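Structure first, then comments.
Chain A is the first sequence line, chain B the second, and so forth, proteins listed ahead of strands; every chain is numbered from 1. Because the structure is a prediction, the values reported are computed rather than measured.
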Amino acid sequence: MSDLSDLYQQAVLDHNRTPRNFRRLPDPDGTAEGYNPLCGDLINVDVKMDGDVIREIGFEGGGCAISKASASMMTEVVKGMTRDEAREFFDSFRTAVTEGIDFFEAIDKLGKLAALTGVSEFPARVKCAVLAWHTLRAALDGNKATVTTE
Amino acid sequence: MAGPAKIEVPEGLGKPLDERSVQKLREDFPILKQLVHGKPLVYLDNAATSQKPRQVIDAIADYYESYNSNVHRGLHALSEQATQAYEGARGIVRSFLNADEDREIIFVKGTTEGINLVASSYGRAHLQQGDEIIISEMEHHSNIVPWQILCEEKGAVLKVVPFNDDGELLLDEYERMLGPRTKLVSMTYISNALGTVNPVKSIIEIAHERGVPVLIDGAQAVPHRPVDVQDLDCDFFVFSSHKVFGPTGMGILYGKAEILDSMPPYQGGGDMIRSVTFEKTTYNDLPYKFEAGTPNVAGAIGLGSALEYVSRIGMNNIEEYEKSLLSYATEAVSSIEGVRIIGTASQKAGVLSFLLDQVHAHDVGTVLDTEGVAIRTGHHCAQPVMKHYGIAATARASLAFYNTRADIDALVKGLDKVIEVFTL
């Protein structure tokens, strides 16, 4: 296992303490609920679309620092992306947190989300990092059922 | 063969435990000697599963190395020896629980299977539409879901005794719930999420006044205190081997002989029959009626060895020692700023559940792990308990007799580190 500070980077702690876009959206075009049965954490993601582009996004709930920071950073980076771009970004992010990634490559590919790639050294916490993303994908797909990390 | 085994207490043991004698006992547990992330392992996840002493590991290895064989079958020497050890373990369990007869001890996979056996066999035979089963709000999922399945099948009603914010059952509510349709009460002895020790003797007495049988989930009780099923007068008692320093995949269902006798078999197969023809099969006597198939022989032998081990120390000594350790831990952890203890009943054992202000339990667990401190974080398979407090998860430190004040000090130091990481 690597150092604790790889997991809890300053950016992660900051987003945990003051999460961005931490609110429900009125009249969302897409909404979904995500659930991590391992810890009982629940998260809601709402999106407002402009055609195929994510115009506004908000989230509420979440739990641990990793899931909250991931959700908060997610809302910042996906704003302005098309559905496909957001899905592709999620795929890269998921690969990075499950398989690990060179930090500089991560910064290049994932921007601020690179701060979360230390999770790959803590396998028990990967689900925390991807919960919000699974939920976003469901919101974009118009999937009504609660998505889980299992 | 199946005569009641006697647990010998060698001289010098069976005395009250103190830090020094516990240090000596720790040497019996090979796993406790290791480093985790470069730090000495501090194992405080005993309510999830306990560690195994060398004696138990050796007993299991000896079975596989020297006399592995199927039981109740062959006439050959190994089968004879395996059968004797397997039935000897039953005798040890009987003696440990102070049950009346060996045949009242049924070997099962664990607490979960024990409860499912009763729900399936006793429940199916005795429950009618509109009947009621009473459990409590602090049950582990394994003492909720089997009853829900049964109630759904039978059109019966599951009633739940609530607890107060300290984590103590509301016995008045319980008394009011018991009615003419109540067919069974199933309650935990000690809550795995809160540590509450329930007044099970009164709970049983109150039910019996109305002729209602009672099942006690003893999974969290057996590692921490003496249990006497005849004194409790419970009708069923279940526990798991792995929580009391024995192997996984093994557990005990105790039932009063006359009730077990009246119950239909749970599973069909070998060992549980007397004779089989396609026209009619007759079932075996207790306990074999409920032990279909080749049993977990090594598991039974390991459990027997574990119960002998703790009996040599003395369950009353373990109870006293842990009481003092839990109050030390409670005081130490409570004194950390931002800590809220979940479960503050006047009678507690083994478990310290808590929240740390602004820090999620999972983050607490991850940071502690890097310090070598193993605790459990989450809902502890007791989601209704979490709902009671409006929380998703707690951090839970849980004790065994091999824990010391140094372990608690390491926990406190680890929590200081958590606060350091999360406070800029």
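- Considering only heavy-atom pairs separated by less than 4.5 Å from chain A, the leading option among B/Asp363, B/Val364, B/Val367 is B/Asp363.
- The residue from A/Lys48, A/Lys79, A/Arg23 that alone fulfils the salt bridge (Lys or Arg N to Asp or Glu O under 4.0 Å) condition with A/Glu56 is A/Arg23.
- Proximity to chain B (any heavy atom under 4.5 Å) is shown, for A/Ile66, by both the backbone and the side chain.
- Judged by the 6.0 Å distance and 45° axis criteria, A/Lys109 is not positioned over the aromatic ring of A/Phe93.
- Remark: A/Arg20 fails to qualify as a cation-pi partner of A/Phe22 under the 6.0 Å distance and 45° angle criteria applied to the six-membered ring.
- Residues A/Thr75 and A/Leu136 are not in side-chain contact: their nearest non-hydrogen atoms beyond the backbone lie 4.5 Å or more apart.
- When heavy atoms are compared at a cutoff of 4.5 Å, B/Val359 does not approach chain A at all.
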